[in-house]
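None of these values were measured; they are calculated from a predicted model. Ligands are counted one by one from 1 in listed order, and the atoms in each one are counted from 1 as well.
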Amino acid sequence: MNLPALRDVQVGIIGMGEMGKMYARQLAKAGHVDRINVCDRPERYETLAKEMQGQGLSVMKDGHHVARTSDFIIYSVEAEFINSVVAQYGPSSKIGAIVAGQTSVKAPERAAFEAHLPQDVSIVSVHSLHGPSVPSEGQALIIIQHRGTEAHRQLVEDIMAPLKSRHVHLSYEDHDLVTANTQAVTHAAFLSMGTAWNNMGRFPWQTGRYIGGIEVAKINIALRIYGQKWHVYAGLAILNPAAQHQIRQYAKSASDLFKLMIEERVPELRERIFRARDYIFPPDNAAARPLFLSDTVFDQFAIGSKTSGYTPPLNSHLSLLAMVDCWQQLKIQPFKHLELAATPVFRLWFGVVEYLFRDEARLEQAIQAGAKAKTHASDDCEFVVAARGWSQCVDFQSFSWYQHRFEETSNFFAGMIEESNLQGANMLKEILSQRP
Ligand SMILES: NC(=O)C1=CN([C@@H]2O[C@H](COP(=O)(O)OP(=O)(O)OC[C@H]3O[C@@H](n4cnc5c(N)ncnc54)[C@H](OP(=O)(O)O)[C@@H]3O)[C@@H](O)[C@H]2O)C=CC1
Ligand SMILES: O=C(O)C(=O)Cc1ccc(O)cc1
């Protein structure tokens with residue numbers, strides 16, 4: 001069947017949440033295709049039509065209308081619902097259409113497409129590796145040519161071109177492996193930090209003390225994540241087949257290292273941390289292009305005043321030590337994904353980890369702080385409990401438990417999130433532009 005020329009293509013977006021709106025607005029602005037047909041749930045039709053007035057979009061009542069008129073249909077709904085939404089609207093797909101999903105985890109999307117789409121429909125999926133508030137230019141856009149020809153793939157890439165993203169070609173399987181390696185444990189770390197602060201009942205940035213260096217990055221990213229929708233994180237943790245055991249290992253690594261700290265088993269602790277470091281940051285790894293973030297970079301975004309004369313106690317950085325230990329235990333080499341398919345959050349987090357691990361004196365200070373000074377032992381104890389809790393929640397595959405845990409902490413942070421998101425966005429932009 002002949003494919004339409006780009007200027008004659010009608011693009012359909014089912015699910016006008018944050019990502020759907022971001023795509024719709026950018027594609028409509030480019031004006032390179034014939035029409036953009038969009039819908040959300042039928043009960044939201046009138047409100048959506050009003051909201052989208054004058055933006056060059058054709059707002060439709062439901063997914064049947066979008067599917068039957070569009071040559072390229074993007075499902076941009078919650079991963080938890082992808083099967084039921086595709087089951088409902090998939091059979092209405094226009095003959096010969098190309099279908100994609102924006103879901104962050106592809107195993108359920110693939111299963112839904114294979115089960116419910118007619119055979120004449122091609123599957124060339126997409127996934128923007130950034131949140132809706134990050135400009136798409138230069139960020140990774142994964143393209144998955146699953147069922148269809150080169151011409152189908154090319155048409156999809158031409159349709160997505162106005163986003164000016166960097167197209168990365170992966171299979172469905174590799175997508176889930178790469179995103180589990182970059183996102184699952186990263187999110188578990190930040191979610192656990194937030195839960196620990198909530199359970200301690202104090203905001204780390206409201207203690208009146210100066211917070212600089214990598215602490216600022218931790219706080220801003222944690223708040224950034226808690227400012228997003230819970231289902232995005234729940235979906236990729238619970239439904240990605242490669243994510244669960246990584247999150248479990250992260251909790252185990254945090255717990256193992258914490259036990260070595262409180263039992264003051266310094267030689268064992270040091271041996272384990274240095275073994276992990278040598279695996280993740282081998283000194284002779286020419287392929288690894290370090291980010292080399294510095295205190296000066298982070299301190300531009302410090303909280304409080306350095307002139308208060310207060311010297312912050314040394315931190316054990318348990319969340320960072322556990323990350324590298326987890327990667328080493330599972331033999332994951334995250335460097336491999338840094339250039340190709342890292343999200344902005346992962347790149348920043350990796351930079352923070354590297355900042356600690358590429359400096360032996362800093363690493364030794366963390367070991368001493370954890371096993372001797374024990375200045376952060378009570379925080380670390382809460383962190384271990386929180387990491388285990390998130391891991392159990394993911395193992396149990398409970399979306400409602402996940403939502404409850406997430407919202408309890410995001411409510412605790414309410415009021416802080418907006419301010420921090422602004423600072424977090426500036427920080428991401430500044431720090432990520434520091435790359436060699
Ligand atoms: N936010 C992010 O940072 C990123 C998200 N993604 C992925 O993109 C997808 C969308 O995420 P995002 O836009 O953030 O989430 P949103 O919750 O903002 O958007 C999803 C939208 O789809 C709607 N929806 C659900 N069922 C239907 C249906 N039957 N018909 C029409 N619309 C429906 C939802 O309605 P309701 O709320 O009532 O359920 C909601 O408005 C997810 O799979 C997510 O994992 C990918 C990259 C980044
Ligand atoms: O950068 C991150 O890890 C984020 O938190 C934003 C995000 C969330 C979900 C995705 O599918 C892609 C990017």
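Ligand 2 places these atoms under 4.0 Å from at least one heavy atom of H130: 12 (C), 13 (C). Atoms of ligand 1 found under 4.0 Å from any heavy atom of A79, numbered from 1 in the order shown, are 43 (O). Under a 4.0 Å criterion applied to the non-hydrogen atoms of P132, ligand 1 contributes the atoms 1 (N), 2 (C), 3 (O). Close approach of ligand 2 to H127 (heavy-atom distance below 4.0 Å) involves ligand atoms 10 (C), 11 (O), 12 (C). Close approach to T103 involves these atoms of ligand 1, each under 4.0 Å from a residue heavy atom: 43 (O). Of all atoms in ligand 1, listed by their number and element, those nearer than 4.0 Å to a heavy atom of S76 are 10 (C), 20 (C), 21 (C), 22 (O). The ligand atoms of ligand 1 that sit less than 4.0 angstrom from a heavy atom of G131 are 3 (O). Close contacts between ligand 2 and S104 involve ligand atoms 9 (C), 10 (C), 11 (O) [criterion: under 4.0 Å to a heavy atom]. Taking every non-hydrogen atom of Q183 and a distance limit under 4.0 Å, the qualifying atoms of ligand 2 come out as 2 (C), 3 (O), 7 (C), 8 (C), 9 (C), 10 (C), 12 (C), 13 (C). Residue-ligand proximity, G15 to ligand 1, at heavy-atom distances under 4.0 Å covers atoms 22 (O), 32 (N). Every atom of ligand 2 is numbered from 1 in the order shown, and the set under 4.0 Å from a heavy atom of V232 is 8 (C), 9 (C).
The residues D256 and R272 are annotated as salt-bridged, a charged nitrogen and a carboxylate oxygen being separated by less than 4.0 angstrom. Comment: E114 engages R110 in a salt bridge, judged by a side-chain N to carboxylate O separation of less than 4.0 angstrom.
Looking at ligand 2, you'll find an N or O of T343 within less than 3.5 Å of one of its N or O atoms. At a 3.5 angstrom cut-off on N or O pairs, H231 counts as close to ligand 1. Any N or O atom pair closer than 3.5 Å counts here, and V77 shares at least one such pair with ligand 1. Taking any N or O of H130, backbone or side chain, none lies under 3.5 Å from an N or O belonging to ligand 1. For ligand 2, none of its N or O atoms has an N or O atom of S128 under 3.5 Å away. Checked against a 3.5 angstrom limit, the closest N/O atoms of M19 and ligand 1 fall inside it. The shortest N/O to N/O separation between S128 and ligand 1 does not fall below 3.5 Å. Checked against a 3.5 angstrom limit, the closest N/O atoms of H127 and ligand 1 fall outside it.
Between the side chain of Y23 and the backbone N or O of E18, no donor-acceptor pair lies under 3.5 Å. At least one donor-acceptor pair closer than 3.5 Å links the side chain of D71 to the backbone N or O of Q10.
Of all heavy-atom pairs spanning M19 and S76, the tightest one is CB-OG, 3.8 Å.
In this structure, R68 places its CZ atom where only 12 or fewer heavy-atom neighbours from other residues, nucleotides or ligands lie under 6.0 Å away.
To the nearest 0.5 Å, atoms CG (D174) and NE2 (H169) are separated by 13.5 Å. With values rounded to the nearest 0.5 angstrom, D380 atom CG is found 10.5 Å from H317 atom NE2.
Aromatic ring centres of F335 and F346: separated by at least 6.0 Å.
Distances from ligand 2 to the non-hydrogen atoms of R224 include no value under 4.0 Å. Residue contact check for ligand 2: Q228 places no non-hydrogen atom closer than 4.0 Å to it. Not close to ligand 1: M22, with no non-hydrogen atom less than 4.0 angstrom away. The shortest separation from a heavy atom of G235 to ligand 1 is not under 4.0 Å, leaving the residue out of contact.
Put simply, the side chain of L170 does not reach to within 4.5 Å of the side chain of H127, judged on heavy atoms. In this structure, the side chains of H231 and Q403 stay at 4.5 Å or more apart for every pair of heavy atoms.
Between W230 and F399, the two ring planes are perpendicular [angle over 60°; tilted spans 30° to 60°]. Note: F406 and W390 have perpendicular aromatic rings, judged against thresholds of 30 and 60 degrees for the angle between ring planes.
Of the protein's heavy atoms, Y233 OH, 3.0 Å lies nearest to atom 5 (O) of ligand 2. In terms of protein heavy-atom proximity, atom 6 (C) of ligand 2 is closest to G131 N, 4.0 Å. Nearest protein heavy-atom neighbour of atom 40 (C) of ligand 1: D40 OD1, 3.7 Å. Annotation: atom 3 (O) of ligand 2 to nearest protein heavy atom, H187 NE2, 2.8 Å.
Residue I219 forms a side chain to side chain contact (heavy atoms under 4.5 Å, CB included) with just one option from V216, I221, L223, and that option is L223.
For the pair K331 and Y279, the distance from NZ or CZ to the six-membered ring centre is under 6.0 Å and the angle to the ring normal is within 45 degrees.
The side chain of V85, and not its backbone, has at least one atom closer than 4.0 Å to an atom of ligand 1 (non-hydrogen atoms only; side chain from C-beta on).
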